[in-house]
Amino acid sequence: MAVLALVLGTLAAVAWRAGGLGALDATDLAAARFTVAQALVSATLSVAFAVPVARALYRRRFRGRGALIALMGAPFILPAVVAVMGLLAVFGRAGVLSDALAALGLPRISIYGAQGVVLAHVFFNLPLATRLLLHGWQAIPSERFRLAASLGFTPAHTRRHIEAPMLRATLPGAWLAIFLVCLTSFAVALTLGGGPAATTIELAIYQAFRFDFDLGRAASLGLLQVALCTAALLATARIALPQSFGAGLDRAAVLPAHPGHLLKVQDAAAIALAAGFLIVPMAAVLGRGLPALASLPASVWLAAGRSLGVALAATVLTLALALPLALAAAKARHRGFEWAGTLPLVASPLVLGTGLFLLLRPLAAPANLALPVTVLVNAALALPFALRSLLPAARNLHADYDRLATSLSLGGLARLRLLSLPRLARPLGFAAGLSAALSMGDLGVIALFADPAKATLPLQLYALMGAYRMADAAAAASLLMVLSFALFWLFDRAGQHADT
Amino acid sequence: MLTLENLTLTQDDFRLTANFSIPTGALVAVIGPSGAGKSTLLSAIAGFFAQSAGRILWNGHDLAALPPGARPLSILFQDQNLFPHLTVSENLGLGLNPSLRLSAADRAAIDTALARTGLVGLAGRKPGQLSGGQQSRVALARVLLRARPLLLLDEPFAALGPALKAEMLALVAEIAAEQGTTVLMVSHDPADARAFAPLTILVAEGLALPPQPTAALLDSPPPALARYLGK
């Protein structure tokens, strides 16, 4: 209910202020076209690359595997500005790759424009897709693979009978999640896009809001954004079927041992390429930033403290919403709860921000509400992701153990403590890590409610970059990266630990 | 006494009716072709499947208003009878108090149940570390602890070998005799029915027939049963 009130309330405010879509011109429609096109390409590439990577990570055991999987959480949760700094250092005109090309006598490449936006989106979302798919693989009871091995399945058999059904259940959700993230892309478009050929609607909202202070146009654009997201959600609703894989008895995982050489090479290549694509840009930022960390001004450290507070509050709020929703959705025969939890996806950060600005302007100075509003919006926006990682496990839990629990009168808090929390510890940890890190790095709503005295770390970083204090910016970016990563790692680790 | 009073179960094309009583303390087999509705009948009695007409009564009290856990019965399913993330003693504790706040007396009762079912020394194990027979014993130990007057067995031992299965049925018979339990056991094996249950309910062609003496029924089966038995 709270989710419904927040999302629908702000949307109503936006709709009321917009007064229809009449204020939109050709530029805005071009923005809409670009938004959809880049999201389609970005989501499809991310998911397509993620399948071989996730399968390789599931099948193979090697040193640093756990670290690499944890690291897969990082790009998605990295503040976009930080990631863009890293991508420029590698793929930019003055980056490593261009240097190499120039040495070979080839022209340098540029990632400003549409190709850069897609590159950055794949950078952010390939790891998320990999993690989501890996969870799908891990949710297949090891008994299935044991059975497959005992039946002499070839990799093709395994794909067809075990992996394909899992992918059919997991891929649409992962694709949709990424498509929607890209649909509401703001910071990437702000830094790498722009201009008539590469402006997203979110960026257009920001420009209307901050530069022109044309609230009517911002609200109209917001409506357009909501319409797009809603259409995307409805279009994919029919293919996102729930999965049912039956139960396993938690036996130790047997590795699907079918070490064909071709398979090994393919897996190694997938892992190496993905790891390089992810690690090199981040290492580039850290390499520049970490040495300068000690010289950061106090204001940056204060901002870091504020960001931590916001992140933890938003995490608690997200889980408090996501867990009851997931349990109710698993139990319900209808999909109402799932839809309620997915609702924030139709509203982008800037749309929610614009709506809240319109609602709160008469009540209080928006700057005073900056942090609480950020917590609220961050929690709402993290909810669909938290729900998506909880729901499959919650459904399995319900399918496998609801009858037994019910026959033993296991209900209420005891059921939560003895059954739901321990059985869902792993996805809960992941969801918490995701929420915390997303909130830590958010530079959406806070930019609209900007107030230098109450800046969060990403906003502070943005200010440093705007002032061309690049050494401080790199150091602040490193700090932000380390904090986001630490939060994610701690929560995810806690969940995995509790699941043994 | 368990009474099924003009009970009708329907789901899509499926339809099953039953109208009879089972005396307290009886050991009753439920046999019939697959898909005839044996499991559905047990599910309805246990409270997992709502009947479309009729009543289910225990000693004259209608069970309709009671949720599964509050009904005077224990049920063992084909699988998933134990929580894999909880230890044996925790799984047993759930039978006494679902919140697992156990008194010293509860713990003593768990120890006794473990000893009775031959599980001494396994209290700290998790189900995945037990053999199939041991898992069945844990489930039976929980039945023992719950001490409900009615026990429904939906083929929980189907995956066990003949010797183990016979052993489990003997254990069930022992517990039932001790606690005066009425037992309904779905079975695919006429030999089990003969050995374990003096009475048998035949479920076939949309009808659950009243319990009748097992030996006589199996010796001169009606046509539906004869087809199922392959006679």
Side-chain angles (χ1 to χ4, degrees), chain A residues 138-147 150 244-254 327 330-331 333 393-429 494-500, chain B residues 39 42-49 66-87 89-102 125-132 134-136 138-139 142-143 145-146 148 150-154 156 159:
Chain A
Q138 285 169 342
I140 302 175
S142 60
E143 283 88 343
R144 298 296 174 283
F145 286 108
R146 204 182 46 183
L147 179 62
S150 75
S244 169
F245 252 99
L249 272 178
D250 284 6
R251 290 188 182 87
V254 273
L327 293 175
K331 193 174 188 128
R333 286 172 190 280
R395 285 221 171 90
N396 281 343
L397 180 67
H398 183 80
D400 296 340
Y401 297 110
D402 180 63
R403 273 198 322 178
L404 175 57
T406 309
S407 78
L408 294 172
S409 289
L410 183 56
L413 283 177
R415 183 160 177 157
L416 191 67
R417 180 167 57 90
L418 295 170
L419 183 60
S420 308
L421 288 181
R423 294 302 294 176
L424 297 178
R426 194 178 275 260
L428 270 175
Q496 288 179 13
H497 186 70
D499 190 32
T500 51
Chain B
S39 290
L42 260 61
S43 282
I45 298 170
F48 290 107
F49 188 97
L66 294 178
R71 297 193 175 198
L73 57 88
S74 289
I75 180 166
L76 295 186
F77 308 106
Q78 263 182 26
D79 48 21
Q80 317 299 352
N81 285 307
L82 302 174
F83 291 108
H85 61 289
L86 299 180
T87 63
S89 60
E90 285 169 332
N91 267 293
L92 294 186
L94 287 176
L96 293 171
N97 180 348
S99 69
L100 278 190
R101 289 194 187 83
L102 301 176
R125 298 269 188 95
K126 295 201 172 156
Q129 300 168 303
L130 300 179
S131 71
Q134 287 168 331
Q135 290 175 13
S136 298
V138 177
R142 195 182 58 215
V143 168
L145 285 169
R146 276 166 62 87
R148 300 286 167 104
L150 178 60
L151 173 60
L152 308 178
L153 302 175
D154 191 1

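Order of the sequence lines sets the chain letters (A, B, ...), proteins ahead of strands, with each chain counted from 1. Keep in mind that what you see is a predicted model, and the values were worked out from it rather than measured.
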Inset, instruction - Measure distances from A:R403 to the heavy atoms of chain B and classify the residue's part below 4.5 Å as side chain, backbone, both or neither. - result: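 Answer is both: backbone and side chain atoms of A:R403 are under 4.5 Å from chain B.
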Legend entry - Under 4.5 Å from any heavy atom of chain B - which part of A:L419: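 Interface part for A:L419: both.
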Inset, instruction - Against chain B, work out which of A:A405, A:A414, A:S407 has the most heavy-atom pairs shorter than 4.5 Å and name it. - result: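 The candidate making the most pairs under 4.5 Å is A:S407.
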Shortest non-hydrogen separation from [X] to [Y] and the atoms involved:
X: B:G95; Y: A:L408; answer: CA-CD2, 4.5 Å
X: B:L82; Y: A:Y401; answer: O-CE2, 3.4 Å
X: B:A70; Y: A:S409; answer: N-OG, 3.8 Å

Legend entry - Leading residue by heavy atom contact count with chain A [cutoff under 4.5 Å; candidates B:P68, B:S43, B:G69, B:S99]: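 Highest number of pairs under 4.5 Å: B:G69.
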Legend entry - Top contributor to chain A contacts, counting heavy-atom pairs under 4.5 Å, from B:N97, B:N81, B:L73, B:L86: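 Answer, by heavy-atom pair count under 4.5 Å with chain A: B:N81.
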Legend entry - side chain to side chain contact (heavy atoms under 4.5 Å, CB included) between A:L418 and B:E90, worked out: CA-CA 9 Å; A:L418 295 170; B:E90 285 169 332; 5.9 Å; no
Of the backbone (N, CA, C, O) and the side chain (C-beta and beyond), which part of [X] lies under 4.5 Å from a heavy atom of chain A, both, or neither?
X: B:L100; answer: both
X: B:R101; answer: side chain
X: B:F83; answer: both

Inset, instruction - Nearest 0.5 Å please: distance from the CG atom of A:D400 over to the CD atom of B:Q80. - result: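 That separation rounds to 5.0 Å.
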Inset, instruction - Kindly compute the distance separating NE2 (B:H85) from CG (A:L421), expressed to the nearest 0.5 Å. - result: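 One gets 9.5 Å once the value is rounded to the nearest 0.5 Å.
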Inset, instruction - Could you check if a side-chain atom of B:P98 sits within less than 4.5 angstrom of a side-chain atom of A:R415, using non-hydrogen atoms only? - result: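 Not in contact.
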